[in-house]
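The following block contains the structure, expressed as structure tokens.
Numbered from 1 within each chain, the chains take letters A, B, ... in sequence-line order. Quick caveat: nothing in here was measured; it's all calculated off a predicted structure.
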Amino acid sequence: MKKSKTNPTDLPVAPLVTHKKVATAKGVNFFDTVYKIARKIPKGRVTSYGAIAESSGSRLSARMVGWAMNAAGSAKPPVPAHRVVNRNGLLTGKHHFPTPTAMEELLRQEGVEVKDDKVVGFRELFWDPSYPGTGSRKK
DNA sequence: AGCCTGACTTTGT
DNA sequence: GACAAAGCCAGGC
């Protein structure tokens with residue numbers, strides 16, 4: 001039971017990038033999908049690339065999510081990439097931020113405690129785009 | 001046009 | 001429990 005995208009909330013399609021043709025020649029922008037989901041992440045909550053990837057269509061493409069985030073810096077509206085961490089709750093992408101501390105700083109501002117580059121209580125703060133109500137992990 | 005890398009994840013040994 | 005390999009898609013060279 002993981003075939004349908006299950007978009008409980010029919011959110012408007014992202015305006016996507018204008019000045020650039022943003023990848024994907026297939027019609028559906030993987031990036032756009034990722035941005036859409038990433039923007040849905042509630043404040044003070046975090047999610048994993050795999051969760052986004054799964055909601056995007058395939059969790060196998062978790063890497064692409066990270067790649068998309070890389071482009072997210074130029075995406076509008078800005079994507080809260082700081083709320084996206086790896087499955088370990090580790091801020092793997094912090095090095096890609098303008099500053100190596102920007103990510104954890106942002107998380108702390110939202111009430112997320114970060115210890116040793118990893119989210120404290122990640123399991124509790126984890127927000128699954130497919131199960132926003134329960135907020136629990138599928139696993 | 002082809003090869004390599006990349007902010008991940010899962011499974012197997 | 002740790003290490004290695006495979007799979008996904010896209011971008012850069």
Give me, pair by pair, the N or O atoms of the protein and of nucleotides 1-3 of chain B that are less than 3.5 Å apart, along with how far apart they are.
none

Short question: side chain of Glu110(A), backbone of Gly44(A) - any donor-acceptor pair under 3.5 Å?
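Checked: pair present.
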
For Asn70(A), which contact category applies under a 4.0 Å heavy-atom criterion: base, sugar-phosphate, or nothing?
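It contacts base atoms.
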
Do the side chain of Tyr49(A) and the main chain of Met64(A) share a donor and acceptor less than 3.5 angstrom apart?
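Flag not set: sc Tyr49(A) to bb Met64(A) has no pair under 3.5 Å.
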
Would you measure the distance from the P atom in dA5(C) across to the matching atom in dC4(B) and give it in whole Å?
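Their P atoms lie roughly 16 Å apart.
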
Can you tell me how far apart CD (Glu105(A)) and OG1 (Thr99(A)) are? Round to the nearest 0.5 Å.
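Going from CD on Glu105(A) over to OG1 on Thr99(A), the span is 8.0 Å.
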
State yes or no: do Leu106(A) and Val112(A) share one hydrophobic cluster built from I, L, V, M, F, W and Y residues joined by side-chain heavy-atom distances below 4.5 Å, directly or via other members?
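Yes, because Leu106(A) and Val112(A) connect within a single hydrophobic cluster, where side-chain heavy atoms sit under 4.5 Å apart.
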
Find the distance Met69(A):CE to dA7(B):C1' and express it as a whole number of Å.
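Atom-to-atom, Met69(A) to dA7(B), this comes out as 9 Å.
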
Look only at the side chain of Asn86(A) and the backbone of Asn88(A), and say whether a donor-acceptor pair between them is shorter than 3.5 Å.
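Checking the backbone N and O of Asn88(A) against the side chain of Asn86(A), a donor-acceptor pair under 3.5 Å is found.
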
Do Thr101(A) and Lys94(A) make a side-chain contact, defined as non-hydrogen atoms from C-beta onward lying under 4.5 Å apart?
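A side-chain contact under 4.5 Å is absent here.
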
Check the distance between dC9(C)'s C1' and Glu54(A)'s CD and give it to me in whole angstrom.
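Rounded to the whole Å, the gap is 17 Å.
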
Nearest whole Å is fine: how far is dG6(B) C1' from Trp67(A) CH2?
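My rounded result for the distance is 4 Å.
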
Rounded interatomic separation in angstrom, taking CZ from Phe126(A) and C1' from dC8(B):
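After rounding, the reported distance stands at 13 Å.
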
Arg83(A) (side chain) donor-acceptor with Val46(A) (main chain) under 3.5 angstrom:
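Checking the backbone N and O of Val46(A) against the side chain of Arg83(A), no donor-acceptor pair under 3.5 Å is found.
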
Rounded interatomic separation in angstrom, taking OH from Tyr49(A) and P from dA10(C):
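To the nearest whole Å, that distance equals 19 Å.
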
Would you classify Ala68(A) as touching base, sugar-phosphate or nothing, given that sugar-phosphate means primed atoms plus P, OP1 and OP2, and contacts are heavy atoms under 4.0 Å?
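No contact.
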
May I ask you to decide if Trp127(A)'s main-chain N or O and Thr47(A)'s side chain share a donor-acceptor pair within less than 3.5 Å?
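Yes, because the side chain of Thr47(A) sits within donor-acceptor range (under 3.5 Å) of the backbone of Trp127(A).
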
Mind calculating the distance between NE2 (His95(A)) and P (dG6(B)) to the nearest angstrom?
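Result: 14 Å.
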
I would like to know whether Ser130(A) and Ser55(A) meet side-chain hydrogen bond (donor to acceptor under 3.5 Å, both in side chains); could you show each step before the answer?
CA-CA 7 Å; Ser130(A) 298; Ser55(A) 280; 3.0 Å; yes

Phe31(A) has an atom CZ; how far is it from atom P of dA7(B), in whole Å?
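Result: 13 Å.
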
For the side chain of Ala81(A), starting at C-beta, report the closest nucleotide among dG6(B), dA10(C), dA7(B).
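The answer is dA7(B).
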
Below 4.0 angstrom from OP1 or OP2 of dC8(B), is there any side-chain N or O of Ser48(A)?
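No, outside the criterion.
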
Between the protein and nucleotides 4-8 of chain C, are there any N/O to N/O pairs under 3.5 Å, and if so, what are the atom names and distances?
unit_1 : atom_1 : unit_2   : atom_2 : d
dG7(C) : O6     : Arg63(A) : NH1    : 3.4
dG7(C) : O6     : Arg63(A) : NH2    : 3.4
dC8(C) : O2     : Leu60(A) : O      : 3.0
dC8(C) : N3     : Arg63(A) : NH1    : 3.3
dC8(C) : N4     : Arg63(A) : NH1    : 3.2

Spacing of His96(A) atom NE2 relative to dT5(B) atom C1', expressed in whole Å
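Taking NE2 of His96(A) and C1' of dT5(B), I get 11 Å after rounding.
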
